[in-house]
Number of protein chains: 2
Amino acid sequence: MTSARSRKSGRAGDDRAERGIPEATVARLPVYLRALTSLSDGDVATASSADLATAAGVNSAKLRKDLSYLGTYGTRGVGYDVNYLRYQIAREIGLTQDWSVVIVGIGNLGRALANYSGFASRGFRLAALLDSDGARVGEVIGDLKVSAVEDLEAVVRDNAVAIGVIATPAEAAQDVCDQLVSAGVSSILNFAPAVLVVPDHVDVRKVDLSIELQILAYHEQRKAQELGALEAGAV
Amino acid sequence: MTSARSRKSGRAGDDRAERGIPEATVARLPVYLRALTSLSDGDVATASSADLATAAGVNSAKLRKDLSYLGTYGTRGVGYDVNYLRYQIAREIGLTQDWSVVIVGIGNLGRALANYSGFASRGFRLAALLDSDGARVGEVIGDLKVSAVEDLEAVVRDNAVAIGVIATPAEAAQDVCDQLVSAGVSSILNFAPAVLVVPDHVDVRKVDLSIELQILAYHEQRKAQELGALEAGAV
DNA sequence: AGAAGTTTGTGAACGAGAGAACAAAATCGT
DNA sequence: ACGATTTTGTTCTCTCGTTCACAAACTTCT
Ligand SMILES: NC(=O)c1ccc[n+]([C@@H]2O[C@H](COP(=O)([O-])OP(=O)(O)OC[C@H]3O[C@@H](n4cnc5c(N)ncnc54)[C@H](O)[C@@H]3O)[C@@H](O)[C@H]2O)c1
Ligand SMILES: NC(=O)c1ccc[n+]([C@@H]2O[C@H](COP(=O)([O-])OP(=O)(O)OC[C@H]3O[C@@H](n4cnc5c(N)ncnc54)[C@H](O)[C@@H]3O)[C@@H](O)[C@H]2O)c1
């Protein structure tokens with residue numbers, strides 16, 4: 001997994017963006033991208049790290065350090081050229097090319113995802129919607145028809161699909177995941193509350209509503225306790 | 001914000017779970033809880049840290065350390081009592097009480113969320129569905145009727161709502177957020193692609209599909225580049 | 001009872017990330 | 001031309017999180 005990661009620069013004289021941006025930074029780049037797009041829409045040509053940091057909701061030092069991993073795209077005393085930086089980040093993330101995506105499990109959530117316009121807006125193209133329920137196959141959502149899950153392998157092959165979205169019940173998730181992986185998908189976004197086991201070369205990210213709510217509940221409870229302790233102390 | 005955090009134990013002799021579990025641990029507790037529930041359903045009475053770690057998809061040492069923040073609930077040479085540990089985690093997170101939740105923005109996504117059964121299963125009770133679109137008000141989803149967003153304050157007050165879910169377009173998110181906060185909500189789960197500004201005492205967590213896809217795309221691109229470099233090197 | 005085998009809880013080493021602080025590099029005003 | 005001002009890029013320090021490794025504590029077998 002880490003075979004080629006810690007190698008110091010491949011070719012001589014190529015220190016720029018030395019293959020390997022910290023994970024925490026990668027997770028923030030899309031946020032910066034969004035902030036830049038919003039500034040660009042407002043006809044702002046140049047922005048300082050402080051401006052950008054405010055728009056992105058982060059510390060300005062952190063933002064500058066993040067951007068420094070990509071290269072030196074700013075100008076001291078001036079700031080960053082909004083459109084130029086936007087393009088550089090997009091290129092670094094890989095948004096200058098299109099990505100084909102399949103959604104498996106077209107229930108409540110899958111249908112919402114299929115209808116989501118923000119999907120296509122950033123170079124993510126829906127190649128197919130797949131479901132195992134015969135009653136759902138053939139239904140039209142947006143501009144796509146729901147296909148049978150049996151077509152998965154053909155769809156992935158024909159559309160060079162790299163990213164699979166799982167929106168099935170938890171029980172089916174691992175099975176669907178295995179099918180995706182064996183068809184050649186190497187990135188998976190999982191909405192089902194299940195732990196997925198995948199080979200090393202496959203990336204999995206999960207979105208879990210229930211976990212988010214529980215984290216909020218924990219802090220909410222703590223706030224209440226703190227208040228209680230405060231009142232008790234005041235007596 | 002950190003006023004009472006670094007104080008050493010409140011009462012004498014009360015070192016157990018000394019108010020303040022690391023954030024990374026808090027985020028994993030719900031995963032452990034899910035693993036325990038699944039084991040309990042399979043009539044497993046006792047599980048070792050290795051068993052649990054496998055079920056939760058984490059390192060066993062990490063799991064043990066996480067659990068040690070709650071107290072010493074395991075037995076050396078044996079493992080953990082599944083149901084006992086399950087209760088302890090649930091209590092620590094605050095799931096032994098019910099939490100009232102409102103969803104604002106009943107479009108594609110909000111409707112899917114409202115239909116989501118996994119919501120209620122863990123002590124999260126939907127108090128209301130709110131939308132600003134008059135055409136949507138009155139529509140029935142699940143066992144709730146969509147209310148006008150003008151009712152927000154009354155709903156929050158009458159149901160002691162602590163958690164608000166935002167599923168409106170990005171443009172409306174900050175405005176809705178402000179309304180929620182001023183009505184008394186102190187935890188917010190945001191699905192809109194917008195940076196929310198809130199007072200210190202309010203917690204915000206975001207779920208952002210677009211960001212997740214972009215992170216996957218970055219790694220996907222890197223994998224492809226690595227492969228390319230490998231082939232070039234082999235020539 | 002005592003030896004052998006398990007498994008927890010935690011100290012210590014290591015690594016990653018956040019933020020403060022500042023020198024270097026650019027612009028602007030005179 | 002040159003000092004004052006702005007703002008980046010980076011170094012340094014500190015905090016937080018992960019993982020290893022092992023003594024302590026428990027069970028089981030003889
Ligand atoms: N609805 C939500 O708001 C929400 C929120 C968070 C998480 N989730 C999770 O997302 C998942 C989907 O939720 P939902 O509400 O859409 O459920 P759903 O029951 O409405 O839809 C599930 C769909 O998956 C299909 N399916 C089942 N097995 C399949 C298989 N092996 N291959 C292909 N398709 C299969 C079903 O036919 C159905 O259409 C669940 O795991 C749920 O826990 C949903
Ligand atoms: N649909 C998805 O799968 C998906 C996925 C990821 C993120 N999102 C995000 O979630 C949000 C909702 O997406 P959607 O597809 O459901 O959009 P949508 O347009 O279908 O629904 C938005 C709803 O919000 C309501 N609304 C607008 N302004 C409001 C206000 N001020 N107060 C109360 N209600 C208001 C609208 O009437 C509408 O019903 C968007 O920000 C979107 O970017 C959606």
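Residue numbers begin at 1 in each chain, while the letters A, B, ... track the order of the sequences.
- Looking at residues two or more places apart in sequence or on another chain, you find a ring-ring contact (aromatic ring centres under 6.0 Å, His included) between B/Tyr84 and B/Tyr73.
- Every residue meeting the side chain to side chain contact (heavy atoms under 4.5 Å, CB included) condition with B/Thr75, not counting sequence neighbours, appears here in chain and number order: B/Val78.
- Under the rule for a side chain to side chain contact (heavy atoms under 4.5 Å, CB included), B/Ser182 has no partner lying at least two apart in sequence or in another chain.
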Distance-only check: which donor-acceptor pairs under 3.5 Å involve side-chain atoms of residues 192-199 of chain A, not counting sequence neighbours?
none

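- Close approach of DNA chain D to chain B, defined as any atom under 4.0 Å from a non-hydrogen atom of the protein, starts and stops at D/dG17 to D/dT27.
- No hydrogens or angles considered: a donor-acceptor pair under 3.5 Å links the side chains of A/Asp51 and A/Ser48.
- Within the structure, salt bridge (charged side-chain N to carboxylate O under 4.0 Å, His left out) pairs that include any residue of residues 25-37 of chain B comprise A/Asp208-B/Arg34, B/Arg28-B/Asp66 (at least two apart or interchain).
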Practice problem: Give the B/S/- string for nucleotides 22-30 of chain C, one per nucleotide from 5' to 3', where a protein heavy atom under 4.0 Å of the base yields B, of only the sugar-phosphate yields S, and otherwise -. | Solution: --BBSS---
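- In the model, A/Gln88 has a side-chain atom that pairs as donor or acceptor with a side-chain atom of A/Arg91 under 3.5 Å.
- Residue pairs meeting the salt bridge (charged side-chain N to carboxylate O under 4.0 Å, His left out) criterion with at least one partner in residues 167-185 of chain A, sequence neighbours excluded, do not occur; the list is empty.
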Sub-3.5 Å pairs of nitrogen or oxygen atoms, protein against nucleotides 12-16 of chain C:
unit_1 : atom_1 : unit_2  : atom_2 : d
C/dA12 : N6     : B/Lys65 : NZ     : 2.9

Give every donor-acceptor pair under 3.5 Å between a side-chain atom in residues 93-102 of chain B and any protein atom, sequence neighbours left out.
unit_1   : atom_1 : unit_2   : atom_2 : d
B/Trp99  : NE1    : B/Gly94  : O      : 2.8
B/Ser100 : OG     : B/Arg125 : NH2    : 3.2
B/Ser100 : OG     : B/Asn159 : O      : 3.2

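- Listed by residue number, B/Ser48, B/Ser49 are the residues of residues 42-52 of chain B with a heavy-atom contact under 4.0 Å to DNA chain C.
- The shortest side-chain heavy-atom distance between B/Leu216 and B/Glu212 does not fall under the 4.5 Å cut-off.
- For the OP1/OP2 pair of C/dA20 and a distance below 4.0 Å, the side-chain nitrogens and oxygens of A/Asn59 include at least one atom meeting the criterion.
- At its two ends the helix from C/dA1-D/dT30 to C/dT30-D/dA1 runs along axes set 0° apart, each axis drawn from five pairs and the angle rounded to 10°.
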